[in-house]
Every structure is written in structure tokens, then in C-alpha cells.
**Q** 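Provided herewith is a single structure, encoded as C-alpha cells, for subsequent inquiry.
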Amino acid sequence: MQLIQETADLSAYLAADEAIDHQHPVVRETAARLAADAADSYAYARLAYEFVRDAVPHSADTGDPRVTWRASDVLARRTGICHAKAHALAALLRAEDIPTALCYQRLLDGDGHVVHGLVAVRFHGAWHRQDPRGGEPGVDARFSLGAERLAWIPDAARGELDHPVLYAAPHPAVLDALRTAPDREALGRALPSTL
């Protein structure tokens, strides 16, 4: 699949915003702690990815009803759905000047489709998608700049697909659902099924 930058300006993929608040002290402290153990930016990106994947449980796996969406809240509360985890990973990567985009998949979930959130990092002049979802049995997502190691591969026969656009900020429909949902159950009803 050919990934498409929403904007040609790479600085947009380093910017802070309301959700990817990489200037926040919690994000800066977490980034500094991870960077202390990294020999280079690639090692840092892998450590940040593994931290979000493994140390921030997906709220559906743990039954946590709280909805987080700001990167700083995700890291402080250590919970979030895929979109929230993607915001946290993007913030940690951007905090260390690694261009990071938000990207999405449409996946079948029960009787309907859901929009799944992940990120793409830019290394060596190319974008590489990473999925920090983790947690669920049978999901073997890993950090990779080679062949993708995502949580799920969309099946077109089931109406699933990869959205090719690399967003500099969270998709407005996703962000609005995250901001306004009082709990994870309501969030499940509010999230879009397609973009």
C-alpha cells in the first residue's frame, strides 16, 4: 500500500497539539527516561513503542471504563484504547524529534466495523507503520522498519481496509468521539465505523 502524507511539510508530523501534547511534563519525563537507555533514535523509537504497547494496557482488555485521549493522560493513567495509545506513542516519538503520523484501519468487530488507530514513523526517508495495540491474545505486533508487524492485516473480503492517509493530527471524527464520551462503553458507540 502506498502511504500518502496529508501534508508535504514534515514539521507537521513533529508538532504538538491538544491530543499529542509532547510538551507536557509527563510526556517529557517519560521520553527522557526512555532516551537514557537508547543508543540512537532507532533504539529510542523501539523502546517507546514497546513501552506504550506493554506498559499501557488497552482499556478493553482490562475492563477499564475510563476514556483517555491526551497523550499525557494516557501515560499518567496507564490506560487507553488503540487511538489513545497511538496518541501517546506519537507524543513520545515527536518529543525526540522523530516524525510520526497517525493512521487508521477499518476492521470488522462483531457485527460491524470499527476504525482502529496506529502510527507511522519516518526513518531513512520512508514511513513505517507501527501498531502499539498489544495485550490481546494472538496479537503479535512488533516494532519493525522492515516488513510490517501490525496487530491485524485487513481482509478486503470482510470489508476491512487500510486507510492510506498519514495524518499530522488525530482525525476529527475520532478525536470528537474520544473527547465527548463519558466512558468506554459510550465511546464504542460514538467512534466512527469508517473515515
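As the structure is a prediction and not an experimental result, all values here were calculated from the model. In what follows, residues are counted from 1 in the order of the sequence shown.
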**Q** Show me the pairs that pass salt bridge (charged side-chain N to carboxylate O under 4.0 Å, His left out) and involve residues 16-28, at least two apart or across chains.
**A** E18-R70, E18-R179

**Q** Which pairs, with at least one residue in residues 104-117 and sequence neighbours excluded, count as a salt bridge (charged side-chain N to carboxylate O under 4.0 Å, His left out)?
**A** none

**Q** Using a 4.5 Å cut-off on heavy atoms from C-beta on, say whether the side chain of Y104 contacts that of P170.
**A** yes

**Q** Going only through I, L, V, M, F, W and Y residues with side-chain contacts under 4.5 Å, is there a path from L161 to V114?
**A** no

**Q** To the closest 0.5 Å, what do you measure between NE2 (H163) and CG (L3)?
**A**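 Nearest 0.5 Å value for the NE2-CG distance: 13.0 Å.
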
**Q** Specify the closest pair of heavy atoms between V67 and R184, including all atoms of both residues, with the distance to one decimal.
**A**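 Heavy atoms of V67 and R184 come nearest at CG2-N, 3.5 Å.
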
**Q** Side chain to side chain contact (heavy atoms under 4.5 Å, CB included) between Q23 and R94: does it pass, once the steps are laid out?
**A** CA-CA 10 Å; Q23 304 293 351; R94 289 181 184 187; over 6 Å; no

**Q** Can you pull out every ring-ring contact (aromatic ring centres under 6.0 Å, His included) where at least one residue sits in residues 7-37? Sequence neighbours excluded, please.
**A**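 The answer is Y13-W127.
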
**Q** Counting C-beta onward and ignoring hydrogens, is there a side-chain heavy-atom pair between L92 and T30 closer than 4.5 Å?
**A**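 Result yes, sub-4.5 Å side-chain heavy-atom pair found.
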
**Q** Do S193 side-chain atoms and H113 backbone N/O form a donor-acceptor pair below 3.5 Å?
**A**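 Not at all, since once roles are kept as given, no pair shorter than 3.5 Å links the two residues.
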
**Q** Tell me whether V119 is reachable from I98 by hopping between hydrophobic residues (I, L, V, M, F, W, Y) whose side-chain heavy atoms are closer than 4.5 Å.
**A** yes

**Q** Okay, side chain of Y49, backbone of D131: is any donor-acceptor separation there less than 3.5 Å?
**A** yes

**Q** Report the C-alpha distance between V174 and W69 in whole Å, list the side-chain angles of each, state the deciding distance to 0.1 Å, and finish with yes or no for side chain to side chain contact (heavy atoms under 4.5 Å, CB included).
**A** CA-CA 10 Å; V174 170; W69 56 273; over 6 Å; no

**Q** Of the non-hydrogen atoms in Y44 and A31, which two are nearest, and what is the gap between them?
**A**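 Closest heavy-atom pair between Y44 and A31: OH-CB, 3.3 Å.
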
**Q** Ignoring hydrogens and geometry, is there a side-chain-to-backbone donor-acceptor pair from E160 to D155 under 3.5 Å?
**A** yes

**Q** Tell me whether the rings of F123 and F143 are parallel (<30°), tilted (30 to 60°) or perpendicular (>60°).
**A**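 Aromatic pair F123/F143 classed perpendicular.
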
**Q** What salt bridge (charged side-chain N to carboxylate O under 4.0 Å, His left out) pairs are there with at least one residue in residues 138-151, not counting sequence neighbours?
**A**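 Sorted result for residues 138-151: R129-E148, D140-R142, D140-R149.
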
**Q** Measure the spacing between CG of L93 and CD1 of I20 and express it to the nearest 0.5 Å.
**A** 10.0 Å

**Q** Output the distance between atom CZ (R189) and atom CG (D183), rounded to the nearest 0.5 Å.
**A** 7.0 Å

**Q** State plainly whether one hydrophobic cluster holds both V121 and L166, where clusters connect Ile, Leu, Val, Met, Phe, Trp and Tyr through side-chain heavy atoms under 4.5 angstrom apart.
**A**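 In one cluster with V121: L166, no.
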
**Q** Same cluster or not: L107 versus V115, using hydrophobic residues (I, L, V, M, F, W, Y) connected whenever any side-chain heavy atoms lie under 4.5 Å apart?
**A**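 They do not share one cluster, since no chain of ILVMFWY contacts under 4.5 Å joins L107 to V115.
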
**Q** Which atom names give the shortest non-hydrogen contact between A151 and A141, and what distance separates them?
**A** N-CB, 3.7 Å

**Q** If you measure from NE2 on H83 to CG on L118, what distance do you get to the nearest 0.5 Å?
**A** 9.5 Å

**Q** Between L89 and L14, is there a shared hydrophobic cluster once you connect ILVMFWY residues whose side-chain heavy atoms come closer than 4.5 Å?
**A**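 Hydrophobic grouping puts L89 apart from L14.
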
**Q** Any sub-3.5 Å donor-acceptor pair from T62's side-chain atoms to A60's backbone N or O?
**A**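 Answer holds: no.
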
**Q** Identify the heavy atoms of S72 and V26 that sit nearest to each other, and give their distance.
**A**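 Closest approach of S72 to V26: O-CG1, 3.8 Å.
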
**Q** Could you check, using the six-membered ring where one of them is a Trp, whether W152 and H116 have ring centers closer than 6.0 angstrom?
**A** yes

**Q** Give a yes or no answer on whether the side chain of K85 reaches the backbone of P132 with a donor-acceptor pair at less than 3.5 Å.
**A**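 Side chain of K85 to backbone of P132, a donor-acceptor pair under 3.5 Å: yes, one is there.
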
**Q** Measure the spacing between CG of D162 and SG of C103 and express it to the nearest 0.5 Å.
**A**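 Atom-to-atom, D162:CG and C103:SG are 8.5 Å apart.
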
**Q** Rounded to the nearest 0.5 Å, what separates atom NE2 in H87 from atom CG in L178?
**A** 6.0 Å

**Q** With H171, which residues qualify under ring pair (Phe, Tyr, Trp, His ring centres under 6.0 Å), at least two apart?
**A**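 Counting only residues at least two positions away or on another chain, H171 forms a ring pair (Phe, Tyr, Trp, His ring centres under 6.0 Å) with Y167.
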
**Q** Can a side-chain donor-acceptor contact be found between S11 and D9 if the only test is distance below 3.5 angstrom?
**A** yes

**Q** Which side-chain N or O atoms in residues 32-41 pair as donor and acceptor under 3.5 Å with protein atoms at least two apart or in another chain?
**A**
residue: D40; atom: OD1; partner: Y42; partner atom: N; Å: 3.3
residue: D40; atom: OD1; partner: A43; partner atom: N; Å: 2.8

**Q** For Q105 versus L150, what's the shortest heavy-atom pair and its separation?
**A** NE2-CD1, 3.9 Å

**Q** Hey, are D64 and H58 close enough side-chain-wise for a donor-acceptor pair under 3.5 Å?
**A** no

**Q** Where do E6 and A168 come nearest, in terms of heavy atoms and distance?
**A**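 The answer is OE1-N, 2.9 Å.
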
